[in-house]
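Any value given below was found using the heavy atoms of this structure, including those in side chains, with hydrogens, waters and symmetry copies removed. Naming convention: chains lettered A, B, ... in sequence-line order (proteins, then strands); numbering from 1 in each chain.
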Amino acid sequence: MSDHEDPWRQWLDRHGPALLLFARQWSATRADAEDAVQSGFVKFWKSRDGAREQLPYLYACVRSAAMDIGRSERRRDVRESAGQNEPLPDFECPLERAERQAVIEAALSQLPGDQREVVVMKVWGGLTFAQIGHALGVPLSTAASRYRYAMAQLARELSEELAS
Amino acid sequence: MTDKLDGLEAELAAMRPRALSRELIERIDDDLAEASAPSKWPDRFLVSAIGAGAIAASVIVAMLLKPMSEGLAAPVPVVATVPAAPDPPRAGDFSLAAVARAEFDL
């Protein structure tokens, strides 16, 4: 194992958890998402010097790897058999907040994919809308509006949940 | 509404995504170590074979070109030196005495 001061390790410590959550977008199983993070991160690390902005490029690499894995026939079979029953332990879950967090996770999973990925990049990845636009290949304004729609829908679903 | 969204944003940010597993970090470490390792011997063998082949091809080409360049050199002209034919005798070339002696010899 390499020393923790390795630059790649610092990148992984800082962005790894958000990247894994991001990769879950296209992966029915945690194993698929881990494969995507592995493949995308290694690709990023080898070619990062040519990137205009490294953080959006890292997300773009993981996204591309996750989509490739998601498309493969072999993985589809695994998803169909394993994905349905796998819980979504995407967040650390302190007991006192377990119930509320489960509600939020369920609401997040109901978001359209293009909105959820923006929320993940913004909230947990710490990217700006300009960086999100760069990673996804969309204008800044599109990234910002997807985020606003997503937050509005989340707020609506969570208030309905509370009311019920 | 904005306050509500700010509160929701803060609530989301307070949720911590799960950390990467040790196994995944080790897999990434292995991949990066493999990528940065010096080339393996099959790669070096391939480079050596290509280099040796290039040298051998150069030698063969040089050997083929050498006779051709020699054949193309300008031939040295061979000039035969033919002795000049003597001028036919003229009447003034011989003395009367020599003519008389010739007639006598006949």
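- Side chains of A:P112 and A:Q153 form a contact here, defined as non-hydrogen atoms less than 4.5 Å apart.
- Looking at heavy atoms from C-beta onward, A:W124 lies out of side-chain contact with A:L20 at the 4.5 angstrom threshold.
- Identified by a heavy-atom distance below 4.5 Å to chain B, the contributing residues of residues 139-150 of chain A are A:Y147, in residue-number order.
- In this structure the side chain of A:Q38 reaches within 4.5 angstrom of the side chain of A:D35, judged on heavy atoms.
- Using a 4.5 Å cut-off between non-hydrogen atoms, the part of residues 41-48 of chain A that approaches chain B consists of A:F41, A:V42, A:W45, A:K46.
- A salt bridge does not link B:D30 with B:R27: none of the charged nitrogens is closer than 4.0 Å to a carboxylate oxygen.
- For a residue to count as touching a neighbouring chain, one of its non-hydrogen atoms must lie under 4.5 Å from one of that chain's; by this rule A:L21 touches chain B with the side chain only.
- At a threshold of 4.5 Å between non-hydrogen side-chain atoms, the residues A:R63 and A:Q25 do not count as touching.
- Side-chain atoms of A:Q131 and A:M121, non-hydrogen and from C-beta on, never get closer than 4.5 Å to each other.
- Residue contact with chain A, scored on non-hydrogen atoms closer than 4.5 Å, involves the side chain of B:L24 exclusively.
- For the residue pair A:E157 and A:Q110, no side-chain donor N or O sits within less than 3.5 Å of a side-chain acceptor on the partner.
- Between A:L136 and A:Y59, the closest side-chain pair of non-hydrogen atoms is not below 4.5 Å.
- Residues B:R18 and A:R30 have side chains in contact (heavy-atom distance under 4.5 Å, counting atoms from C-beta outward).
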